[in-house]
Amino acid sequence: MPSIFKLLKEDHDKHREMLTGIADADPADRGDLFEKFQAEAVSHANAEEQSLYAEMMAKPDLQDEARHSVSEHKQIDEYVATLESLDPASDDWLATFLKLKHRYEHHIEEEEDEMFPEAKDALSQDKIQELGDKFADRKPAEKEAA
C-alpha cells in the first residue's frame, strides 16, 4: 500500500482537476459535477482526519498544523453549505464556487508544502505506511456515507 502522503497527493491532484472542470463547465452541468466533487472531497477529508490528523494530534509538535487543517476543512464545509442553497446555473453560485476553489487549492498546497514535510520528518516509515492503510480502508466507507 502506498504511503499516506502519496495517497493524499493523488487525491489532491484529482480534486484540482475536478475543480477546474467545474469552473469551466456549462452552467447546466455544474450541479452534477459539483455533487461528484463534494462526495470525493468529503470522503477524503473525513478519512484524512481519522488517519493522518488523528496521529498528528497525538504529537505535540504536529498539533498546531493538524488543528489548522481541520479548521480549514470547516471553512470549506461552510462554502459547500452555501453552494447547496444556490442554483448551480446562477452567477452567485459560480462566484461562491470560485471562492471555494481558491480556498481549497490554498488548503491542499499548504498541506503538501508545509504539513506533509513536517509530518514525514516526525513519523516513522512504518507509521506512514500504517496511516496509508488506514486512509485507504476508511475512504470507501466515508464516500458511501457522503
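As the structure is a computational prediction, the values presented were derived from the model and not from experiment. For the numbers below, each heavy atom of this structure counts, side chains included, while hydrogens, waters and symmetry mates do not.
Under the side chain to side chain contact (heavy atoms under 4.5 Å, CB included) criterion, A89 pairs with P27, D87, sequence neighbours left out. In this structure P140 satisfies the side chain to side chain contact (heavy atoms under 4.5 Å, CB included) test with no other residue, sequence neighbours excluded. Not a single ring pair (Phe, Tyr, Trp, His ring centres under 6.0 Å) links Y79 to another residue, sequence neighbours left out. Under the side chain to side chain donor-acceptor pair (under 3.5 Å) criterion, H106 pairs with E110, sequence neighbours left out. Legend: residues meeting ring pair (Phe, Tyr, Trp, His ring centres under 6.0 Å) with H107, ordered by chain and number and at least two apart, are H73. Listed by chain and residue number, F116 satisfy the ring pair (Phe, Tyr, Trp, His ring centres under 6.0 Å) test with F5 (two or more places apart in sequence, or in another chain). Remark: Q125 pairs with I128, Q129 by the side chain to side chain contact (heavy atoms under 4.5 Å, CB included) rule, at least two apart or across chains. Looking at residues two or more places apart in sequence or on another chain, you find a side chain to side chain contact (heavy atoms under 4.5 Å, CB included) between Q50 and N46, R138, E142. In this structure E105 satisfies the side chain to side chain donor-acceptor pair (under 3.5 Å) test together with K101, sequence neighbours excluded. Annotation: salt bridge (Lys or Arg N to Asp or Glu O under 4.0 Å) contacts of E118 (sequence neighbours excluded): none.
For R30 (side chain) and P88 (main-chain N/O), a donor-acceptor pair under 3.5 Å exists by modelled atom type. Of the possible polar contacts, none joining the S90 side chain to the L86 backbone as a donor-acceptor pair under 3.5 Å is found.
Cluster membership for V70 and V80, using ILVMFWY side-chain heavy atoms within less than 4.5 angstrom, is not shared. Residue L33 is not grouped with residue V42 when hydrophobic side chains (ILVMFWY) are merged at heavy-atom distances under 4.5 angstrom, including chains of intermediate members. A single hydrophobic cluster is seen to contain both L94 and I22, as judged by linkage of ILVMFWY side chains at heavy-atom distances under 4.5 Å, directly or through other members.
Residue S3 holds its OG atom at 10.0 Å from CG of L52, rounded to the nearest 0.5 Å. Annotation: the span from S51 atom OG to E130 atom CD amounts to 10.5 Å, rounded to 0.5 Å. The NZ atom of K36 sits 6.5 Å away from atom CG of D32, with the distance rounded to the nearest 0.5 Å. Between atom CG of residue D91 and atom OG1 of residue T96 there is a gap of 10.5 Å, rounded to the nearest 0.5 Å. Annotation: the span from D77 atom CG to T82 atom OG1 amounts to 11.0 Å, rounded to 0.5 Å. Rounding to the nearest 0.5 Å gives a distance of 11.5 Å between CG of L62 and CZ of R67.
Residue pairs meeting the salt bridge (charged side-chain N to carboxylate O under 4.0 Å, His left out) criterion with at least one member in residues 12-29, sequence neighbours excluded: K9-D13, D13-R16, K14-E40, R16-E112. Within the structure, salt bridge (charged side-chain N to carboxylate O under 4.0 Å, His left out) pairs that include any residue of residues 41-55 comprise E55-K59, E55-K127 (at least two apart or interchain).
L7 places none of its side-chain heavy atoms less than 4.5 Å from the side chain of L131. Within the 4.5 Å cutoff, side-chain heavy atoms of D11 are placed close to those of F135. Using a 4.5 Å heavy-atom threshold, the side chains of K143 and H44 count as separate. Side-chain atoms of F34 and L100, non-hydrogen and from C-beta on, do get closer than 4.5 Å to each other. Residues E111 and L8 have side chains not in contact (no heavy-atom distance under 4.5 Å, counting atoms from C-beta outward).
Contact record, M56 with A119: SD-CB, 4.3 Å, taken as the closest heavy-atom pair.
Salt-bridge annotation for K6 and E10: present, with a side-chain N of the basic residue lying under 4.0 Å from a carboxylate O of the acidic one.
Between Y104 and F97, the distance separating the two ring centers is not shorter than 6.0 angstrom.
Sparse packing is recorded around CD of E35, with 12 or fewer heavy atoms of other residues, nucleotides or ligands lying under 6.0 Å away.
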